[in-house]
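Note that ligands are numbered from 1 as they come in the structure, with each ligand's atoms numbered from 1 the same way. Starting from 1, each residue takes its place in the sequence as its number. The structure presented is a predicted model; accordingly, all values stated were derived computationally and were not measured.
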Amino acid sequence: MQTTPGDSSRGTAPAKTRPEVSVVVPVFNEEASLPTLFARLYGALDRLGTSYECVFIDDGSRDRSVALLRAQQQARPAETRVVLFQRNFGQHAAILAGFEFATGDVVVTLDADLQNPPEEIPRLLEAARAGHDYVGTVRRGRKDHWARKWMSKAINIVRDRTTQIRITDQGCMLRAYSRAVVEAVNASPEVNTFIPALAYLYAREPAEIEVAHEPRRAGESKYSLYKLIRLNFDLITGFTAVPLQLFSMLGMGISAIAGVFVVYLAVRRLIHGPEVQGVFTLFGIDFFLVGLALFGIGLIGEYVGRIYEQVRGRPRYMIAAVLDSTGARATELARQSGREAAREASDV
Ligand code: UDP
Ligand code: MG
């Protein structure tokens with residue numbers, strides 16, 4: 001990967017005025033979607049008739065995504081910034097980087113696979129202009145596998161019951177955030193997070209609108225079952241300790257019931273002598289309790305593991321290069337956040 005600084009105008013470029021809208025797009029092996037995305041996204045933004053920028057974060061793609069992003073940056077240098085990660089750090093880390101490099105008054109996040117139609121951006125902007133600092137979305141007729149929809153529903157219920165976050169459809173990434181909310185997210189040091197939930201915590205006037213949803217037309221979902229489970233644990237562990245408290249209460253309840261049960265069995269033993277009836281029931285109950293105990297240990301592990309990652313304090317992501325036309329902003333941000341961001345001008 002090229003890391004040679006090559007911006008001759010660095011430091012002399014006039015300060016660019018802040019665009020009204022920044023669109024942040026995480027990209028991971030999306031070569032099949034990018035050409036259509038560029039056409040539809042820039043088309044929709046050009047029709048808006050306002051100033052905008054697109055910030056693409058390549059999350060360690062191994063296909064032609066980087067080449068396509070580079071070409072797009074050269075085709076539309078004034079409106080395009082591309083941040084290249086050194087390797088895959090995950091969608092939410094990519095969005096965090098996008099937030100750091102976005103300069104707009106309103107920041108819209110969008111998936112690269114076109115499941116979120118870019119044509120909905122004007123409606124998000126309308127709600128933002130009406131004074132909402134957080135514009136959430138609900139997918140109308142979500143076009144995903146039934147198992148994904150079922151899992152989302154279950155996690156939605158858990159999240160709703162255990163956290164302060166009141167969002168109807170947490171999984172939809174097509175959202176708009178005010179600059180103040182984005183700055184608050186940028187100031188949050190969490191290693192593992194779930195952006196729509198974190199941003200919601202900082203919103204003063206949140207709103208929700210319905211948006212269209214499309215099936216993924218090219219490529220495959222970048223979420224394996226393992227990644228999906230991890231992400232949902234990020235959502236719960238990052239925002240509440242209620243599951244741990246529920247577990248301690250459950251433990252207390254079960255201990256109390258078990259205590260009564262032991263006394264009952266002891267009395268039966270004294271009255272009837274040794275008995276074999278009920279052995280299988282006891283095994284059933286025992287396996288269930290062992291399972292529950294293992295789940296509890298695992299749950300604690302999910303929290304402890306995240307605390308461990310947090311205290312190690314390693315960077316949430318590493319940037320290999322930033323491609324943009326001015327240079328000044330990206331270099332300044334890289335310096336502020338203590339990371340080395342090699343810089344490439346758009347004409348390199
Ligand atoms: N993505 C990413 N890093 C990852 C996984 C996903 O940047 O490790 C991006 C991906 O390229 C897409 C968005 O995040 O732009 C959503 O991913 P995907 O469509 O695979 O998720 P799904 O719609 O299946 O939830
Ligand atoms: Mg998708």
Side-chain angles (χ1 to χ4, degrees), residues 22-41 54-69 72 80-102 107-118 120-121 137-156 159 167 169-175 191-197 211-235 316-320:
S22 295
V23 181
V24 167
V25 189
V27 176
F28 181 46
N29 294 335
E30 299 286 5
E31 62 177 4
S33 301
L34 285 179
T36 325
L37 173 74
F38 295 148
R40 283 178 59 183
L41 177 60
C54 296
V55 183
F56 296 94
I57 305 88
D58 177 74
D59 189 15
S61 298
R62 285 178 293 272
D63 64 357
R64 287 177 48 252
S65 295
V66 173
L68 293 169
L69 290 170
Q72 179 64 13
T80 312
R81 177 170 296 133
V82 178
V83 179
L84 304 178
F85 276 4
Q86 288 201 7
R87 60 168 178 81
N88 181 252
F89 286 92
Q91 180 186 5
H92 290 255
I95 296 175
L96 283 174
F99 276 12
E100 283 211 38
F101 283 91
V107 177
V108 173
T109 52
L110 183 80
D111 285 350
D113 61 351
L114 287 163
Q115 288 200 263
N116 312 137
E120 296 281 20
I121 293 176
T137 49
V138 182
R139 290 168 282 195
R140 197 184 314 119
R142 181 176 167 190
K143 307 283 188 311
D144 273 322
H145 192 273
W146 63 266
R148 285 288 301 268
K149 291 199 252 185
W150 182 86
M151 186 163 169
S152 296
K153 271 197 186 125
I155 297 297
N156 246 321
R159 195 252 315 129
I167 47 187
D169 185 6
Q170 66 218 359
C172 185
M173 283 297 147
L174 175 59
R175 281 164 197 271
V191 175
N192 298 291
T193 196
F194 196 96
I195 310 282
V211 291
H213 192 244
E214 294 174 8
R216 186 184 250 279
R217 292 194 199 281
E220 287 175 348
S221 171
K222 303 302 176 286
Y223 277 95
S224 59
L225 183 63
Y226 171 73
K227 265 182 151 183
L228 211 55
I229 291 174
R230 261 198 74 114
L231 180 68
N232 284 307
F233 268 117
D234 284 342
L235 171 64
R316 299 190 282 196
Y317 50 79
M318 288 174 76
I319 295 170

Checking a contact table here: which protein heavy atom is nearest [atom], and how many Å away?
{"atom": "atom 18 (P) of ligand 1", "answer": "Arg216 NH2, 3.5 Å"}
{"atom": "atom 3 (N) of ligand 1", "answer": "Asp59 OD2, 2.6 Å"}
{"atom": "atom 24 (O) of ligand 1", "answer": "Ser221 OG, 2.6 Å"}
{"atom": "atom 9 (C) of ligand 1", "answer": "Pro26 O, 3.8 Å"}
{"atom": "atom 8 (O) of ligand 1", "answer": "Lys227 NZ, 2.9 Å"}
{"atom": "atom 21 (O) of ligand 1", "answer": "Tyr223 CD1, 3.4 Å"}
{"atom": "atom 19 (O) of ligand 1", "answer": "Asp113 OD2, 2.6 Å"}

Should the heavy atoms of other residues, nucleotides or ligands under 6.0 Å from CZ of Arg64 be counted, would the total exceed 12?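 No.
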
With a sphere of 6.0 Å drawn around CZ of Arg140, does it hold more than 12 non-hydrogen atoms of other residues, nucleotides or ligands?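 Counting neighbours around CZ of Arg140, more than 12 heavy atoms of other residues, nucleotides or ligands fall under 6.0 Å, so yes.
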
Whether Asp144 has an N, O or S atom under 2.8 Å from the Mg ion (ligand 2): no

Is Ser221 close enough to the Mg ion (ligand 2) that one of its N, O or S atoms comes in under 2.8 Å? no

Atom of Asp113 closest to the Mg ion (ligand 2), considering N, O or S atoms: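 In Asp113, the heteroatom (N, O or S) nearest the Mg ion (ligand 2) is OD2.
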
Would you say that Phe99 contacts Thr109 through its side chain, given a criterion of any heavy-atom pair below 4.5 Å between the two side chains?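 Yes. Closest side-chain heavy atoms under 4.5 Å.
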
4.5 Å side-chain heavy-atom contact, Lys222 and Gln91: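 A side-chain contact under 4.5 Å is absent here.
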
Only one of Thr80, Val25, Val82 clears side chain to side chain contact (heavy atoms under 4.5 Å, CB included) with Leu69; which? Val82

With distance as the sole criterion, is a donor-acceptor pair present between the side chains of Ser152 and Arg142 under 3.5 Å? yes

Suppose I only count heavy atoms of [X] and a 4.0 Å limit; which atoms of ligand 1 are within that range?
{"X": "Asn88", "result": "3 (N), 4 (C), 8 (O)"}
{"X": "Glu30", "result": "10 (C), 11 (O), 12 (C), 15 (O)"}
{"X": "Ala112", "result": "12 (C), 15 (O)"}
{"X": "Gly90", "result": "3 (N), 8 (O)"}
{"X": "Arg148", "result": "22 (P), 24 (O), 25 (O)"}

Pairwise distance CG(Leu174) to NE2(His213) - rounded to 0.5 angstrom: 9.5 Å

Before you tell me yes or no, could you show the steps for Ile95 and Met173 under side chain to side chain contact (heavy atoms under 4.5 Å, CB included), namely the whole-Å CA-CA distance, both residues' side-chain angles and the distance that decides it to 0.1 Å? CA-CA 10 Å; Ile95 296 175; Met173 283 297 147; 4.0 Å; yes

Would you mind telling me if ligand 1 is within reach of the side chain of [X], the backbone, both or neither, using heavy atoms under 4.0 Å?
{"X": "Val27", "result": "backbone"}
{"X": "Lys222", "result": "both"}
{"X": "Gln115", "result": "side chain"}

Under the salt bridge (Lys or Arg N to Asp or Glu O under 4.0 Å) rule, what do Glu30 and Arg216 come out as? Steps first, then yes or no, please. CA-CA 11 Å; Glu30 299 286 5; Arg216 186 184 250 279; 2.9 Å; yes

Walk me through it: do Asp144 and Gln115 pass the test side chain to side chain contact (heavy atoms under 4.5 Å, CB included)? CA-CA 9 Å; Asp144 273 322; Gln115 288 200 263; 3.2 Å; yes

Quick check, are the ring centers of Phe38 and Phe56 under 6.0 angstrom apart? yes

Using distance alone, decide if ligand 1 has a nitrogen or oxygen within less than 3.5 Å of any nitrogen or oxygen in Phe28.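 Looking only at distances, the answer is yes, because the N/O contact criterion of under 3.5 Å is met.
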
For the residue pair His92 and Tyr223, what are the closest heavy atoms and their distance?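 For His92 versus Tyr223, the nearest heavy atoms are CD2-OH, 4.1 Å.
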
